[in-house]
Amino acid sequence: MRDETQAKWVMGDGCVDRRDFLKAAAAATALGSIAGRVEATAIQAAPGLSAEVDAFLKDYVEKWIPLETRAGQAAWAASTDVSEAHTAAQMAANQAVNEVVGATDVIAKVARFLQEKDGLSDLQLRQLEKVRLRAAEAPGTLPEVVKARVEAEAKQSATQDGFVFSLKKSDGSVENPSANRIDQVLLTSKDLEERKAYWKASKEIGAPLREGLLKLRDVRNKVARGLGFSDFFALQVADYGMTVDAMLGLCDQIVADVKPLYVQLHTWAKHQLARRYGVDAPAGAIPAHWLSNRWGQNWPGFVEGVDMDAPFKGKPREFIAEQAEKFYTSLGFATLPPSFWTRSDLYPADPATGRKKNSHASAWHIDLDRDVRSLMSIEPDNQWFDTAHHELGHIYYFLSYSTPEVPHLLRAGANRAFHEGVGDLIGLAAGQRPYLKQVGLLAPEAEKAPANTFLLSSALEGSSIVFLPWSAGVMTRFERDFYAGAIADDALNAGWWARVGKYQGIAPPEARPETLCDAATKTHINDDPAQYYDYAIGTVLKFQLHDHIAREILKQDPRECNYYGNARVGDFLRSILRLGATRDWNAVLREATGEGLTARPLVAYFEPLMEWLEAENKGRTPGWPETPEKS
Ligand code: X8Z
Ligand code: ZN
């Protein structure tokens, strides 16, 4: 989720880093940069501490919300209409909010409250933890560094969102393809030369982003270290109340859990594509330009003879988002506020106007209340159908916890992965055959296709099996190593492709020069940094919640079920969403499903596919050589 206000606002108990924070706050005090409150602090709970904390939180929220709202509005303008003026306004608005949330007296008070914490309620502690993590993003103890971060982030976004792809065609003409157009060619073209040209064009954006990313790494790390985090990656992970090692362990486990199936899919896909392109299947890795996604993060459009886009052709462009809303309202959610429809930016910018906008889908909670918006570039096809359900999941989450019961500071997901998982879950539900058939969106061939064919496309597309080595492996490991300083500045592409090769078994079509930066072609690396494991965990959660809904609520087969119109499914979801971040996420998950986080339902969902793939792959050498990670 690219959400300027909420992305970094997820609760964890953060106990490990809290100690560092106290040390850092005390050190800052000793240096005279915080009015000497920390050392003067009594360790026992002072009488009236709870009232003092309440007064502090009230004052903080009153100052913060209007500024955060203005920053959200400015960021929205900058992302939907790239211009120097909008970038400048975004920087000014972010600077203003940072001055409040990172103020030295906020840092000192929170340190004291968390030290004296006895007698404070869980809800108070959770809010203080949010304040602490937000201050750590912009500590007033390092004003120059915070300012440099604001500037570097706004500039990087402007460079990214204002970039125009360019491609020299064989007839000498130059095409400026949109991101949607590149994706369409990679989805449909059988001409390997054409595919390579579009794939390479999609990577050119890395050149202007490379220097900015290095600068961002340095300022983000400086900011995070200011309050005692080991680096910026550790600060982001702290939102889960987990250490970096625990997060990496969790991600490694996810990769390991899906590896046997991924290897079979990889082998099958490589041979299938070789046949499609009329060439021999290479030994080992799949060439990146063979795949239908710019990063190989999912592999749609594989199952031949089933045109999942056909049911959407010719529909009005409003159809996709309206149909997605209908799914939610059928579960008992309210219709979206009218302002969602008037303020959102849902369709590609008209090239004739010259307006440039961010091309990646996102959901925004501008005022932490009813001003919710989505930025998309919807085309009437199956991928945008899935993405629209994903984005509306964020929107309905925002609306569900924007109630008087949930303090503004806790208007966030149970954790960030919950936020990603919810809309994905509805995307999964809206992709099930019984529902598609009910609403006339099932391609006729898909109706007749054997169950395994449908399961195969579910494993390859969206956020599913193929997505996990990418999200839990490549993205997570690259960003962690990048912020930890384990990837040399002049070896960013080497470091990137070493991880792509290791986890995804994908290789570039030709050597990648270090003047480019293929990692920076992925929007999250620039503007949603060190958080991509959210999507991996969200994927695991999605299957866990889906399994529970199908078996326990609907009493249907998880692979062929229909949530549509079921109020009990809606009640179950709302029981999670309405909590926001007021409860510990592990407890929320256990209470909802009876189990902690587990990939068991995900693996079980695809079990029948394993046998089918093993038979298909008989006689083929599976997998690829896993060269050790180099940077
Ligand atoms: O960025 C997104 C959403 C917006 S929160 C469209 N996703 C990741 C991506 O596109 O890389 C959803 C799945 C993974
Ligand atoms: Zn999302």
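Side chains included, hydrogens not; waters and symmetry mates left out as well; all remaining heavy atoms used. Every value quoted in this text rests on a predicted model; they were computed, and no experiment measured them.
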Identify the two heavy atoms, one from [X] and one from [Y], that lie closest to each other, and give their separation to 0.1 Å.
{"X": "R294", "Y": "W199", "value": "O-NE1, 3.3 Å"}
{"X": "P287", "Y": "P282", "value": "CD-CG, 3.9 Å"}
{"X": "L602", "Y": "F606", "value": "O-CD1, 3.3 Å"}
{"X": "F385", "Y": "A430", "value": "CE2-O, 3.7 Å"}
{"X": "W299", "Y": "A269", "value": "CZ3-CB, 3.7 Å"}
{"X": "D518", "Y": "N493", "value": "N-OD1, 2.8 Å"}

Side-chain donor/acceptor of [X] to backbone N/O of [Y], under 3.5 Å:
{"X": "Q504", "Y": "P469", "value": "no"}
{"X": "S464", "Y": "S458", "value": "yes"}
{"X": "Y328", "Y": "G393", "value": "yes"}
{"X": "H546", "Y": "P558", "value": "yes"}
{"X": "S374", "Y": "A363", "value": "no"}
{"X": "D557", "Y": "R559", "value": "yes"}
{"X": "D309", "Y": "N382", "value": "yes"}
{"X": "R275", "Y": "H271", "value": "no"}
{"X": "S330", "Y": "G565", "value": "yes"}
{"X": "R317", "Y": "P380", "value": "no"}

Subject >> Residue from D534, L577, I537, V588 passing side chain to side chain contact (heavy atoms under 4.5 Å, CB included) with F418 >> reply: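 Exactly one candidate clears the test, V588.
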
Can you see whether [X] engages [Y] through a side-chain donor-acceptor pair at a distance of less than 3.5 angstrom?
{"X": "Q253", "Y": "D257", "value": "yes"}
{"X": "S189", "Y": "E194", "value": "yes"}
{"X": "T523", "Y": "Q160", "value": "yes"}
{"X": "K315", "Y": "Q323", "value": "no"}

Looking at [Y] and [X], is any side-chain nitrogen of the basic one under 4.0 Å from a carboxylate oxygen of the acidic one?
{"X": "R477", "Y": "D481", "result": "no"}
{"X": "E560", "Y": "R433", "result": "yes"}
{"X": "E626", "Y": "K259", "result": "yes"}
{"X": "D571", "Y": "R568", "result": "no"}

**OP:** Could you walk me through whether L392 and F333 pass side chain to side chain contact (heavy atoms under 4.5 Å, CB included), step by step?
**Re:** CA-CA 11 Å; L392 290 201; F333 287 89; over 6 Å; no

Could you tell me the separation between the [atom1] atom of [X] and the [atom2] atom of [Y], rounded to the nearest 0.5 Å?
{"X": "Q297", "Y": "K522", "atom1": "CD", "atom2": "NZ", "answer": "3.5 Å"}
{"X": "N180", "Y": "E379", "atom1": "CG", "atom2": "CD", "answer": "4.5 Å"}
{"X": "D424", "Y": "Y535", "atom1": "CG", "atom2": "OH", "answer": "9.5 Å"}
{"X": "Q264", "Y": "L613", "atom1": "CD", "atom2": "CG", "answer": "6.0 Å"}
{"X": "W470", "Y": "F478", "atom1": "CH2", "atom2": "CZ", "answer": "10.0 Å"}
{"X": "E595", "Y": "N586", "atom1": "CD", "atom2": "CG", "answer": "12.5 Å"}

Return yes when atom [atom1] of [X] has more than 12 non-hydrogen atoms of other residues, nucleotides or ligands closer than 6.0 Å, and no otherwise.
{"X": "K196", "atom1": "NZ", "value": "yes"}
{"X": "D280", "atom1": "CG", "value": "no"}
{"X": "K313", "atom1": "NZ", "value": "yes"}
{"X": "E611", "atom1": "CD", "value": "no"}
{"X": "K169", "atom1": "NZ", "value": "yes"}

Side-chain heavy-atom pair [X], [Y] within 4.5 angstrom cut-off:
{"X": "T521", "Y": "S202", "result": "no"}
{"X": "I506", "Y": "V474", "result": "no"}
{"X": "L192", "Y": "H289", "result": "yes"}
{"X": "N452", "Y": "P608", "result": "yes"}
{"X": "V279", "Y": "W290", "result": "yes"}
{"X": "W384", "Y": "F312", "result": "no"}
{"X": "E204", "Y": "F163", "result": "yes"}
{"X": "R620", "Y": "W268", "result": "yes"}

Original post:
What about Y396 and H389, are their ring centers closer than 6.0 Å?
Top reply: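 No, too far apart.
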
**OP:** Determine the interplanar angle of the W624 and H266 rings, folded into 0 to 90°, and report it as parallel if under 30°, tilted if 30 to 60°, perpendicular if over 60°.
**Re:**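 Because their plane-to-plane angle lies in the 30° to 60° range, the rings of W624 and H266 count as tilted.
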
**OP:** May I ask you to decide if the ring planes of Y532 and F467 are parallel, tilted or perpendicular, using 30° and 60° as cut-offs?
**Re:**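 Aromatic pair Y532/F467 classed tilted.
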
Subject >> Y198 vs E175, side-chain hydrogen bond (donor to acceptor under 3.5 Å, both in side chains): CA-CA, chis, key distance, verdict >> reply: CA-CA 10 Å; Y198 278 83; E175 182 190 344; 2.4 Å; yes

Original post:
N562 and side-chain hydrogen bond (donor to acceptor under 3.5 Å, both in side chains): which partner among Q432, Q556, Q438?
Top reply: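 Testing N562 for a side-chain hydrogen bond (donor to acceptor under 3.5 Å, both in side chains) against Q432, Q556, Q438 leaves exactly one candidate, Q438.
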
**OP:** Show your reasoning for whether side chain to side chain contact (heavy atoms under 4.5 Å, CB included) applies to L250 and M242.
**Re:** CA-CA 10 Å; L250 174 60; M242 287 167 74; 3.9 Å; yes

What residues, two or more places apart in sequence or in another chain, satisfy side chain to side chain contact (heavy atoms under 4.5 Å, CB included) together with [X]?
{"X": "R590", "result": "none"}
{"X": "P260", "result": "M610"}
{"X": "R217", "result": "L214, N221, F482, Y483, D489"}

Original post:
Is it the case that R416 places NZ or CZ above or below the six-membered ring of Y240, under 6.0 angstrom from the centre and within 45 degrees of the axis?
Top reply: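 The answer is no; the distance or angle limit is not met.
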
